[in-house]
Student: 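Sharing a structure here in structure tokens format.
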Amino acid sequence: MAKTHATFFCKNCGASAAKWIGKCPACGEWNSYVEEIVHKEKVDYKSTWKKEGNVSSKKPIEINEVVMGTEQRIPLLDQELSRVLGGGLVPGSVVLIGGEPGIGKSTLLLQMALQFSAFKVLYISGEESESQIKMRAERIPFQNNHCYLYTETSTQKIGKALKELQPDLVVVDSIQTLQSDLIDSTPGSISQVKETAGDMIRFAKETNTPIFLIGHITKDGTLAGPKLLEHMVDTVLQFEGDRHHVYRILRSTKNRFGSTNEIGIYEMQQGGLREVSNPSEILISQREEALSGVCIAATLEGMRPLLIETQALVSAAVYGTPQRNSNGYDAKRLNMILAILEKKCGLRMGTQDVFVNIAGGLRVEDPGIDLSIVASIVSSYESMPIDSKICFVGELGLSGEIRAVSRIEQRISEAEKLGFKTIYISKFNKLPKTNFGIKIIEVSKIDELLQFLFG
Ligand code: TYD
Ligand code: MG
């Protein structure tokens, strides 16, 4: 008979101990141990899933002897996902996608499964019934005759199905619903997630089949389950965006096969997720008249130049302490900009409420957006609109100097392509080429910029 006993697991790193400990000796986290019942039984996994011809007895090998180039990436029809993964799907890779409930994780992966028409795909769901998935598939305008559905949560049964079907791609919705018969604790608990993810990863590596795992996230936005899960998989993607906005952003936070700089943008529509290949057009609102407090920044998201609208509202503070509120832009940086405007330009920001917003529900971390934020704030403060054909790029330094940004040429070209007439950049940016079809104004200090804009 199998032995059953209680083990304590660290919620943060997945380390285990025989008794409860206040501070995890492995990761140093306090109060992270929880009790779970474990059912111990020795099983030989390798015999269950191994395809024939796989040699597992490996020896150390010199790096120069390793033969490269046999691993071809699998191209995906979904260009956004393909770019975020680093240019296609690597065989045998395990990708974890996290995101809030209702953001569209199941839709994204079902859509990908249906687009994958040349391959056999197994979509394993522990969350929805076959008819629910079918209903969702009906809304998506793609068809794949080799897409199989399997509503099962036991990894032992899934293992058998995988062996029989031998799919080219597997989607698991979600890892928190899977359970291993060897462990007594409930699905979604640390030991279950660790065990079932381990099973799926072992399958991926042994058979060279790529697997997508959907993961739930906790209240504070991190992936549920042990941090270990993120260490175990090859790629971690985050699907984010406001549920009430139609735009969704796919970002990678870990990628063993590519950079983590790239993002993918989607629009949630009636018929599934639409790729947004030219995001600048949707992020700049169409307006007829120039409005005060609205400016356009030439920023970068990953390697892609992106023109984006920054909005500010400055109004006299009614209460004693002025309010500062920022959406999509770092609140600390906003305070810094306000202090610089007060000190260097003599604007009385201390008596004003200031609200800053980045259009489209995006979060921008590129410091090159500073100049546009400054222009929006002063434009609203002075109630003077800025021409909608002007855009800005530059980072603000503490003494009011405007600093150079990366990839300036790409940003200028994008602004030119979208029909902007003038771009303000830092004087310290070296431009290798000067014959742009857009007027470039170089500024070195914040007061110089305000002089140009507001006289
Ligand atoms: P879903 O993929 O179920 O989210 P998750 O798996 O992340 O919880 O997506 C849910 C939302 O997407 C749902 O609120 C409805 C919306 N949706 C559309 O707007 N159009 C569609 O074609 C589909 C399939 C879903
Ligand atoms: Mg779902």
Side-chain angles (χ1 to χ4, degrees), residues 284 290-300 305-314 324 326 328-330 332-350 352 354-359 364-416 418-431 434 436 438-455:
I284 300 172
L291 302 169
S292 66
V294 178
C295 289
I296 308 294
T299 94
L300 282 182
L306 194 68
L307 277 101
I308 195 169
E309 194 175 285
T310 62
Q311 305 163 344
L313 175 68
V314 179
R324 269 97 182 80
S326 169
Y329 182 71
D330 186 17
K332 289 198 183 115
R333 256 194 117 68
L334 172 63
N335 284 333
M336 183 197 88
I337 287 185
L338 295 177
I340 296 170
L341 285 174
E342 180 111 29
K343 177 104 181 169
K344 299 284 169 190
C345 313
L347 303 181
R348 304 285 315 277
M349 288 297 164
Q352 309 284 329
V354 181
F355 305 93
V356 167
N357 181 38
I358 309 280
V364 180
E365 260 138 39
D366 168 32
I369 196 172
D370 288 355
L371 209 57
S372 178
I373 299 274
V374 168
S376 308
I377 292 173
V378 181
S379 157
S380 175
Y381 179 79
E382 303 279 3
S383 297
M384 282 170 73
I386 290 173
D387 189 343
S388 58
K389 290 287 170 219
I390 297 179
C391 61
F392 301 86
V393 57
E395 180 184 343
L396 195 59
L398 278 183
S399 55
E401 82 276 17
I402 293 160
R403 311 178 47 144
V405 295
S406 59
R407 300 179 170 263
I408 187 75
E409 261 188 284
Q410 265 182 298
R411 302 183 198 234
I412 298 176
S413 309
E414 179 76 5
E416 184 182 338
L418 288 166
F420 284 86
K421 298 274 185 288
T422 311
I423 182 166
Y424 284 85
I425 68 166
S426 163
K427 200 174 208 159
F428 307 108
N429 255 123
K430 297 269 173 294
L431 283 179
T434 41
F436 287 102
I438 177 171
K439 187 175 167 200
I440 298 173
I441 302 181
E442 295 178 347
V443 280
S444 61
K445 282 210 136 36
I446 188 168
D447 25 6
E448 205 178 320
L449 171 79
L450 300 188
Q451 190 65 35
F452 267 115
L453 290 174
F454 308 104

Student: Is there a side chain to side chain contact (heavy atoms under 4.5 Å, CB included) between Glu442 and Tyr424 once you walk through the steps?
Tutor: CA-CA 6 Å; Glu442 295 178 347; Tyr424 284 85; over 6 Å; no

Student: Measure the spacing between CG of Leu338 and CZ of Arg333 and express it to the nearest 0.5 Å.
Tutor: 12.5 Å

Student: Would you find a donor on one side and an acceptor on the other, under 3.5 Å apart, between the side chain of Tyr381 and the backbone of Arg348?
Tutor: yes

Student: What pair of heavy atoms forms the shortest contact from Ala297 to Thr310, and how long is it?
Tutor: CB-CG2, 4.2 Å

Student: For residues Gly293 and Ser379, report the shortest heavy-atom separation together with the two atoms involved.
Tutor: N-OG, 2.7 Å

Student: Please report the interatomic distance CE(Met349) to CG(Asn335), rounded to the nearest 0.5 Å.
Tutor: 12.0 Å

Student: Heavy-atom distance under 4.5 Å between the side chains of Ile423 and Ile441, does that happen here?
Tutor: no

Student: Flag the pair Leu431 / Ile412 as yes when at least one side-chain heavy-atom distance between them is below 4.5 Å, and no otherwise.
Tutor: yes

Student: Can you tell whether the side chains of Asp366 and Arg407 come within less than 4.0 Å, N to carboxylate O?
Tutor: no

Student: How long is the span from the CG atom in Leu291 to the OG atom in Ser383, to the nearest 0.5 Å?
Tutor: 12.0 Å

Student: Could you walk me through whether Ile296 and Ser372 satisfy the side chain to side chain contact (heavy atoms under 4.5 Å, CB included) test, starting with their C-alpha distance in whole Å, then the side-chain angles of each, then the deciding distance to 0.1 Å, before giving a yes or no?
Tutor: CA-CA 6 Å; Ile296 308 294; Ser372 178; 5.7 Å; no

Student: Are Leu313 and Val354 close enough that some pair of their side-chain heavy atoms sits under 4.5 Å apart?
Tutor: no

Student: Just by modelled atom types, is the Ser399 backbone N or O under 3.5 Å from a matching donor or acceptor in the Glu401 side chain?
Tutor: yes

Student: Measure the shortest side-chain to side-chain distance between Leu307 and Cys391 over non-hydrogen atoms and say whether it is less than 4.5 angstrom.
Tutor: yes

Student: With a 4.5 Å heavy-atom cut-off, do Gln311 and Phe355 have their side chains touching?
Tutor: no

Student: Do side-chain atoms of Arg411 reach the backbone of Ser406 as a donor and acceptor pair under 3.5 angstrom?
Tutor: yes

Student: Let me confirm one number: the CG-CG distance from Leu449 to Leu396, rounded to the nearest 0.5 Å.
Tutor: 9.5 Å

Student: Please name the pair of heavy atoms, one in Glu395 and one in Val405, separated by the smallest distance, quoted to 0.1 Å.
Tutor: N-CG1, 3.8 Å

Student: NZ of Lys445 to OG of Ser426: how many Å apart, nearest 0.5 Å?
Tutor: 11.0 Å

Student: Which atoms form the tightest heavy-atom contact between Leu371 and Val393, and what is the distance?
Tutor: CD2-O, 3.4 Å

Student: For Phe436 versus Glu416, what's the shortest heavy-atom pair and its separation?
Tutor: CD2-OE1, 3.5 Å

Student: Is there side-chain contact between Leu347 and Val378, with at least one heavy-atom pair below 4.5 Å?
Tutor: yes

Student: Are Val294 and Glu309 close enough, and set up right, to give a side chain to side chain contact (heavy atoms under 4.5 Å, CB included), and what steps lead you there?
Tutor: CA-CA 7 Å; Val294 178; Glu309 194 175 285; 3.5 Å; yes

Student: Do the charged groups of Asp447 and Lys344 touch, with an N to O distance under 4.0 Å?
Tutor: no

Student: Hey, which of Ile369, Asp330, Leu306 is the one that makes side chain to side chain contact (heavy atoms under 4.5 Å, CB included) with Val364?
Tutor: Ile369

Student: Are the side chain of Glu342 and the backbone of Gly350 linked by a donor-acceptor contact shorter than 3.5 Å?
Tutor: yes

Student: Measure the shortest side-chain to side-chain distance between Ile402 and Ser444 over non-hydrogen atoms and say whether it is less than 4.5 angstrom.
Tutor: no

Student: Just how far is it from atom CZ of Arg324 to atom CG of Leu334, taken to the nearest 0.5 Å?
Tutor: 7.0 Å

Student: So, do Lys421 and Ile438 sit near enough that their side-chain heavy atoms are less than 4.5 Å apart?
Tutor: no

Student: For residues Ser380 and Ser292, is any side-chain donor paired with an opposing acceptor at under 3.5 Å?
Tutor: no

Student: Side chain to side chain contact (heavy atoms under 4.5 Å, CB included) for Ile390 and Phe420? Distances and angles first, verdict last.
Tutor: CA-CA 6 Å; Ile390 297 179; Phe420 284 86; 5.9 Å; no

Student: Knowing that exactly one of Val443, Ile386, Thr422 qualifies, which makes a side chain to side chain contact (heavy atoms under 4.5 Å, CB included) with Phe392?
Tutor: Ile386

